[in-house]
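Numbers restart at 1 for each chain; the letters A, B, ... are given by sequence-line order, proteins then strands. Both backbone and side-chain heavy atoms feed into the values below; hydrogens, waters and symmetry mates do not. The structure presented is a predicted model; accordingly, all values stated were derived computationally and were not measured.
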Protein chains: 2
Amino acid sequence: MSTIKEVARLANVSVGTVSHVISGSVPVSDQLRRRVTEAIRALDYHPNHIARSLKTSRTRILGIVVPDMTIPFFPQVIRGAEAAARKRNYYLVAVNSDDSSNRQREVLSLLRSQRVDGILLVVAAGQGSITQITQIRQSGIPVVCLDRLPENISIDSVCVDDCAAADMGVSHLISMGHQRIAILTGPLTLKNEQDRLQGYNNALTRAGLAVDATLIWEANFHQEEITRICGEHLRDAQRRPAALFSTNGVTGLGVLKALHVCGLNTPDEIAFATFDELTIEEVFRPAITTVVQPAYDIGHRATDILINRIERCMLDASTVSIRLPATLKIRETSLALAHVL
Amino acid sequence: MSTIKEVARLANVSVGTVSHVISGSVPVSDQLRRRVTEAIRALDYHPNHIARSLKTSRTRILGIVVPDMTIPFFPQVIRGAEAAARKRNYYLVAVNSDDSSNRQREVLSLLRSQRVDGILLVVAAGQGSITQITQIRQSGIPVVCLDRLPENISIDSVCVDDCAAADMGVSHLISMGHQRIAILTGPLTLKNEQDRLQGYNNALTRAGLAVDATLIWEANFHQEEITRICGEHLRDAQRRPAALFSTNGVTGLGVLKALHVCGLNTPDEIAFATFDELTIEEVFRPAITTVVQPAYDIGHRATDILINRIERCMLDASTVSIRLPATLKIRETSLALAHVL
DNA sequence: CTGTTAGCGCATTCAT
DNA sequence: ATGAATGCGCTAACAG
């Protein structure tokens, strides 16, 4: 790897001049500029960002931490963030936290050690995120939270309007004639899961339906457990709800697996709607009624806010909390039951 | 952000000593060690990797470049790579190339400028990758190619045994009684698409079936175009094949969309098998017969080889080419046609 | 075992 | 408009 010094020697100028033509911050005569660019090409010179960052203490790199990139929602968020970063001349690196607070601590530490200019964070499900976030911010690195918001901390954030989105989905099920509607949530330690549950409550209440605690099923993010938990509730035909709403893609998939295990058909035997697209609805059956989050936009907006913070355009602005609307895609699984019609 | 100097001052030792306790490479007395670790905690000190790397010219960071993280195959590869990297105390950052040679040049340049210790590359579909790879290797950064292999260059690589995998899928269709079998490929400029086509040819030939050029359909990676191309071929009922094999997940999805547009049912009107899982087969219909690649393993193996190269365990070893076997998941879409039975 | 110091590659004053 | 010199934070050699 050639250095700026070698370029300077070949072009027969000083390192300062090379630096100037690269940064463009100081005028350089055409002749020297040409000599320098030629030398750069000849040596296949790539400026050492490491050295540059050590000097400037800025890396133009953003980090994004997500629980698990194999959950389809997150790559979309990342793509949105990447696009926004690119537009403003930043790069984005993505890492997984495995939804583990400990691993999250590790990757955040990595990002700090790498001196990324800012961090986009989808917090892990466990405890301890607040301390981690506080430390990072104290060290001067801006953090924006996406999708999942930590509680008891004032921080820039971008996510869907969870309460309204769940309300919309459940209200739709109600409008299709269903009354006994169950909800399968992720861990309720997560604020956004709580909010989605709240939306469910709101929708029922507004429709004059009683909220039945036995129809609120809390799960986690482990596929087998979700399926087991859901299956247990569905087994008893007497108690079985007319419709089921799940608050995220992972639990949604668990619902489908549980229905499959129990030999239940949707929508004939039970209606179903979920947060997050589970598959390509055009070509696969059942076509699932879905509350679709603007994943790309969430990533994009969050990144814009983050870069604003970094570049001090928003130094004294108070916390920004963006709540984006979700979209309801009505499909087959929420059709009214035959015997209700 | 505190520095090693501040830690040294607070612990009342020299910076050298602090460095020694952090690296563990040089013995330090228990007393000083304790003082130092306390100071580190007190100051919430995070070593500046930037400065360290400038000194050591090693970053312990690996980069992986994939065409598009939203294609489910790639996150799995990345996870495998991440796990392998973590085991050997490296970190992994992932970036997208958008399957564009130009963008690939940009991100590779970024990775070089960041001085990553090694690069995992799934080459973009267009031309120009070879020059890019050659330059990187000349600069001393090891590169391992995954999934897609560039031609005319000797380089470490890990991918599925494309020819055998396609052969397996097509042979299965033949064994189900199909004779007129079409293949929908991605761009044949890609070596692995060529190999998969070769596997198709081999399977037909071995079965004594003629290879019909009008049944070889070449597409690209653009969803709408794939659907259009496939739809055009399927429209004519006279010429329609009995079965269709697609060589990757993106074209596979295009097939399903085209079938949907044409109102064709699989397997009743046309059998179908594809490379790569398109959805969660347990719960969605149609359940598609699939050639499943060991995506996680591909990432894992490639990363191991890369780190071996980096750490010189394999300095003079010749090029390593790993070919992993695929698995055939036989499901509904490849059932024999009713009128054939 | 512990302290001192040179220098990694670059951006940035400050001279000229 | 160009060049020379300084130091970012750290590691590794060396000295003690």
Under-3.5 Å N/O pairs linking protein and nucleotides 6-9 of chain D:
| unit_1 | atom_1 | unit_2 | atom_2 | d |
| --- | --- | --- | --- | --- |
| dG7(D) | N2 | Lys55(A) | NZ | 2.9 |
| dG7(D) | N3 | Lys55(A) | NZ | 3.2 |
| dG9(D) | N2 | Ala51(B) | O | 3.3 |

Could you write out each protein N or O paired with an N or O of nucleotides 3-5 of chain D at a distance under 3.5 Å?
| unit_1 | atom_1 | unit_2 | atom_2 | d |
| --- | --- | --- | --- | --- |
| dG3(D) | OP2 | Ser14(A) | N | 3.0 |
| dG3(D) | OP2 | Ser14(A) | OG | 3.2 |
| dG3(D) | OP2 | Thr17(A) | OG1 | 2.4 |

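For Ser14(B) and Thr17(B), the side-chain atoms include at least one donor-acceptor pair closer than 3.5 Å.
Listed by chain and number, the residues in a side-chain hydrogen bond (donor to acceptor under 3.5 Å, both in side chains) with Asp99(A) are Arg148(A) (sequence neighbours excluded). With sequence neighbours left out, Asp98(A) forms a salt bridge (Lys or Arg N to Asp or Glu O under 4.0 Å) with Arg79(B), Arg86(B). Taking the salt bridge (Lys or Arg N to Asp or Glu O under 4.0 Å) definition, one finds that Asp297(A) meets it with nothing, sequence neighbours left out. Not counting sequence neighbours, the partners of Arg103(B) by the salt bridge (Lys or Arg N to Asp or Glu O under 4.0 Å) test are Glu106(B). With sequence neighbours left out, the salt bridge (Lys or Arg N to Asp or Glu O under 4.0 Å) criterion links Lys191(A) to Asp195(A). Scanning for side-chain hydrogen bond (donor to acceptor under 3.5 Å, both in side chains) contacts around Ser19(A) gives an empty result, with sequence neighbours left out.
Applying the side chain to side chain donor-acceptor pair (under 3.5 Å) test to every pair with at least one member in residues 26-43 of chain A, sequence neighbours left out, gives no pairs at all. Counting only residues at least two apart or on different chains, no side chain to side chain donor-acceptor pair (under 3.5 Å) pair has a member in residues 2-13 of chain B.
No side-chain heavy atom of His20(A) sits less than 4.5 Å from a side-chain heavy atom of Val36(A).
The span of DNA chain C lying next to chain B, judged by atoms under 4.0 Å from heavy atoms, is bounded 5' to 3' by dC1(C) to dG9(C).
A donor-acceptor pair under 3.5 Å is absent between the side-chain atoms of Thr70(A) and the main chain of Pro75(B), judged by distance alone.
When every heavy atom of Leu149(A) is checked against every heavy atom of Arg323(A), the shortest pair comes out as CD1-NH2, 2.9 Å.
Axis angle, first five pairs versus last five pairs of the helix from dC1(C)-dG16(D) to dT16(C)-dA1(D): 40°, rounded to 10°.
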